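Because the structure is predicted, anything quoted here is derived from the model rather than measured.
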Amino acid sequence: MTDLLGRRRVSKSDAIIEALGDVDEATSHIGLARATVSWDGEWGPGVLEQVQRDLYGLMSELAMPPNHSQAHRLPTDRLDWLDRTLVDLKGRIDIPNEFVLPGSTVGGGHLDVARAVVRRAERAVVRVLEAGADDPDLGYPTNPILSSYLNRLSLVLYFMARLQEAEAGGSPRLASSQPS
């Protein structure tokens with residue numbers, strides 16, 4: 001058993017603990033990317049740091065019972081900010097319409113690992129939200145912004161990885177291309 005916010009205990013195998021662990025791992029991978037990515041200016045590291053702060057709010061909301069006075073810590077404006085960030089990124093780089101092999105640069109590789117972990121975290125959070133909607137007595141959150149935020153974040157990290165590769169003078173390696 002382990003403690004959650006709001007003075008409740010759950011099994012270490014509880015769906016919320018799984019989701020919290022996946023989001024925590026995503027935050028750590030984003031931190032590693034922030035520490036290793038080389039950017040022109042502070043734009044990239046600032047976005048990644050803000051994302052980490054948002055993910056702590058998301059984890060707090062996961063750990064709180066939905067009827068707790070401090071629940072719903074991830075407001076809609078954080079999702080709106082992430083959407084604007086995605087639009088900005090899409091304007092900075094053209095993305096191939098094919099699968100890209102991660103790892104053209106160290107920083108891009110770290111961003112791609114973070115993206116993959118965020119996608120896993122999104123699946124875990126969706127399971128929690130669905131269970132909370134199906135059985136309100138579980139005390140699980142039901143705020144759809146949690147999964148929407150993670151969904152957009154995976155796209156932001158994908159675009160950031162491609163931008164980082166481009167800024168490092170490289171281009172994405174396509175999965176369909178043969179090695180030279």
Colleague: Are a donor atom and an acceptor atom from the side chains of Ser13 and Glu18 found within less than 3.5 Å of each other?
Modeller: no
Colleague: Who passes side chain to side chain donor-acceptor pair (under 3.5 Å) against Asp22, sequence neighbours left out?
Modeller: Arg120
Colleague: Can you list the steps and then say if His110 with Gln164 is a side-chain contact (heavy atoms from CB on, under 4.5 Å)?
Modeller: CA-CA 10 Å; His110 284 302; Gln164 200 287 314; over 6 Å; no
Colleague: Is it true that the side chains of Tyr140 and Asp14 contain a donor and an acceptor less than 3.5 Å apart?
Modeller: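 Yes, because at least one side-chain N or O of Tyr140 sits under 3.5 Å from a partner of the opposite role on Asp14.
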Colleague: Can you give me the closest heavy-atom contact between Thr142 and Ala133, atom names plus distance?
Modeller: CG2-N, 3.7 Å
Colleague: Check whether NZ of the Lys or CZ of the Arg Arg162 lies under 6.0 Å from the centre of the six-membered ring of Tyr158 and within 45 degrees of that ring's axis.
Modeller: yes
Colleague: More than 12 heavy atoms of other residues, nucleotides or ligands under 6.0 Å from CG of Asp135: is that the case?
Modeller: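 Buried by this count: over 12 neighbours within 6.0 Å.
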Colleague: Does the Arg152 side chain pair with the main chain of Ser148, one donor and one acceptor, at a distance under 3.5 Å?
Modeller: yes
Colleague: I want to check something: taking the side chain as every heavy atom from C-beta on, are Thr27 and Met59 in contact at a cut-off of under 4.5 Å?
Modeller: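 Yes, side chains in contact.
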Colleague: Tell me whether the count of non-hydrogen atoms from other residues, nucleotides or ligands lying under 6.0 Å of CZ in Arg92 goes above 12.
Modeller: yes
Colleague: Passes side-chain contact (heavy atoms from CB on, under 4.5 Å), Leu129 versus Leu146? Steps please.
Modeller: CA-CA 9 Å; Leu129 297 176; Leu146 302 180; 4.1 Å; yes
Colleague: Applying side-chain contact (heavy atoms from CB on, under 4.5 Å) between Pro141 and each of Val125, Leu58, Val128, Leu74, report the one that passes.
Modeller: Val128
